[in-house]
There are 2 protein chains.
Amino acid sequence: MTEIPRQAGRPREEATAPALMDAARRLVRTNGYDKVSITQIIKEAGVSRQSLYRRWPTKADLVLEAFFESASQGAFGDERHPDQGSARQRLLDLLISIFDHIARDGAAMRSLIASAQEDPQFRASFIEKFVLPREEIVTDILQRAVESAELPPQSDVAMLSAMIHGAFWYRMLNDWPLNTAFAKAMVSQIFGS
Amino acid sequence: MTEIPRQAGRPREEATAPALMDAARRLVRTNGYDKVSITQIIKEAGVSRQSLYRRWPTKADLVLEAFFESASQGAFGDERHPDQGSARQRLLDLLISIFDHIARDGAAMRSLIASAQEDPQFRASFIEKFVLPREEIVTDILQRAVESAELPPQSDVAMLSAMIHGAFWYRMLNDWPLNTAFAKAMVSQIFGS
DNA sequence: TTGAATAAGAGACGGTAGTCTCGTATTTAA
DNA sequence: TTAAATACGAGACTACCGTCTCTTATTCAA
């Protein structure tokens, strides 16, 4: 319980950040990322323009936090029981869970990937907050698979991870379906069928 | 030599389209896709705004054609000798050639992938003109590899192709390096080391 | 009690994408 | 020769993003 010594000056309105995230989530789910303007979001949240830009540098940063950093609503790829079951089964469960989330919020995710391409600042933040954590979950599963001999000992775990994430990024970005059949096929390709 | 019956009306200025593509290529290579405005491109090409929009619906469509549809300058992934050499070697050569092109024009490619996420119209055109042709080159190599027993007969060629393209999309979009070492590692992962 | 620091809302501002209109030029067909 | 069709350049127009300024409000420290 370390007391944060308060700065001089008017404190931030506590309700503003959640109001903006809620508004952003709701509007983006309803209308799609690029159909939603900053002006709409601040009107919906009942807040001024500068109050948004004081908290996030761009629309993309706000949406990233609104969608993918709220632990309470379950981010992509929960790994609740990292030590149970075979690596193969854990990877399959993880992929199915990811594809479920993509079915709901894939459009937002695609827009964030797009924004990351245009803005190096945001890209760094996106990689740190979104890509690397998910990368780690997969490499962890694969590493354990090597240790338990479910994968051959000379397996290139980093390469396999790039192929796994890459495959569904590629499919998602190009409008190909991501379903259970695809998850099973991918797992078979990795672990052998 | 079928004569195209000319419509009534003033014909298009033949020099306009190449002038716009040249200007777009030059400016985007120098300054980067999102630093270049339509206004800059038309000024550089010495052409009016509408003359551009009469030919391409968006900046992305112009840049796609300027960079990746000019056969003369070698698109990504030339396959000059599709029947020579092992499939493994052909895939390696192809990957190295792709990575070379990415080193030069990867920034433009990333921006086009980004634009494709925001605009379904452009996405369809991007998939048709860019993604599918390259998809075909890889699946062709893999299919021949199955036929020549370089890959096991039950290989899921479509899945392997998604993993290959996906892996370098994923790496490219996230600022990881794409070099010969990565190409070799990927080929080893596909064909066995 | 006062001053410094910071937040708030309101809204002007510059830069950009893509649309639209206007007057003019060029071509085909009647 | 004339009318229809289409191209041209010039530039106005709307909507948007992100920045900036102005005035007011709230908090801490002297």
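Below, all heavy atoms of this structure are taken into account, side chains as well, without hydrogens, waters or symmetry copies. Just so you know, these numbers come straight off a predicted model, no measurement behind them. Numbered from 1 within each chain, the chains take letters A, B, ... in sequence-line order.
The backbone N or O of B/Ala162 sits nowhere less than 3.5 Å from a side-chain atom of A/Arg171 that would complete a donor-acceptor pair.
Less than 4.0 Å separates DNA chain C from at least one heavy atom of each of the following residues of residues 40-55 of chain B: B/Arg49, B/Gln50, B/Tyr53. Proximity of residues 116-124 of chain B to DNA chain C (heavy atom under 4.0 angstrom from any strand atom) is not detected for any residue.
Atom CD of A/Glu14 has 12 or fewer neighbouring heavy atoms from other residues, nucleotides or ligands inside a 6.0 Å radius.
A salt bridge does not link B/Asp100 with B/Arg104: every distance from a Lys NZ or Arg NE/NH1/NH2 to an Asp or Glu carboxylate oxygen is 4.0 Å or more. A salt bridge links A/Asp22 to A/Arg25: at least one charged side-chain nitrogen sits closer than 4.0 Å to a carboxylate oxygen.
One distance of note links CD1 of A/Ile113 with CH2 of A/Trp169; it measures 4.0 Å at 0.5 Å rounding.
Contact annotation: A/Arg12 reaches the phosphate of C/dA7 (side-chain N/O to OP1 or OP2, under 4.0 Å). One finds no side-chain N or O of A/Lys59 lying less than 4.0 angstrom from the OP1 or OP2 phosphate oxygen of D/dG18.
As rounded to whole Å, 10 Å separates atom P of D/dC17 from atom CG of A/Asp34. In this structure, CG of A/Leu62 is placed 12 Å from P of D/dC17, rounded to the nearest angstrom. When the P atom of C/dA17 is taken as reference, atom CG of B/Asp61 falls 14 Å away, rounded to whole Å. Distance, B/Lys35 NZ to C/dA17 P: 13 Å, rounded to whole Å. Distance CZ (A/Arg10) to P (D/dA29): 18 Å, rounded to an integer number of Å.
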Donor-acceptor pairs under 3.5 Å, side chain of residues 41-50 of chain A to any protein atom, not counting sequence neighbours: which ones?
{"unit_1": "A/Glu44", "atom_1": "OE2", "unit_2": "A/Arg26", "atom_2": "NE", "d": "3.2"}
{"unit_1": "A/Glu44", "atom_1": "OE2", "unit_2": "A/Arg26", "atom_2": "NH2", "d": "3.0"}
{"unit_1": "A/Ser48", "atom_1": "OG", "unit_2": "A/Ser51", "atom_2": "N", "d": "3.4"}
{"unit_1": "A/Ser48", "atom_1": "OG", "unit_2": "A/Ser51", "atom_2": "OG", "d": "3.3"}
{"unit_1": "A/Arg49", "atom_1": "NH1", "unit_2": "A/Thr39", "atom_2": "OG1", "d": "3.4"}

Please list, one pair per line, the donor and acceptor atoms closer than 3.5 Å that link side chains of residues 181-193 of chain A to other protein atoms, with sequence neighbours excluded.
{"unit_1": "A/Ser188", "atom_1": "OG", "unit_2": "A/Arg88", "atom_2": "NH2", "d": "3.4"}
{"unit_1": "A/Ser188", "atom_1": "OG", "unit_2": "A/Lys184", "atom_2": "O", "d": "3.1"}

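Among D/dT27, D/dC8, D/dC17, the nucleotide with an atom closest to any side-chain atom of A/Ile38 is D/dC17. Between D/dC17, C/dA5, C/dT28, one nucleotide has an atom nearer to the side chain of A/Ala8 than all others, and that is C/dA5.
Under the side-chain hydrogen bond (donor to acceptor under 3.5 Å, both in side chains) criterion, A/Glu150 pairs with A/Ser148, not counting sequence neighbours.
Counting only residues at least two apart or on different chains, the salt bridge (charged side-chain N to carboxylate O under 4.0 Å, His left out) pairs with a member in residues 119-133 of chain B are A/Asp175-B/Arg123.
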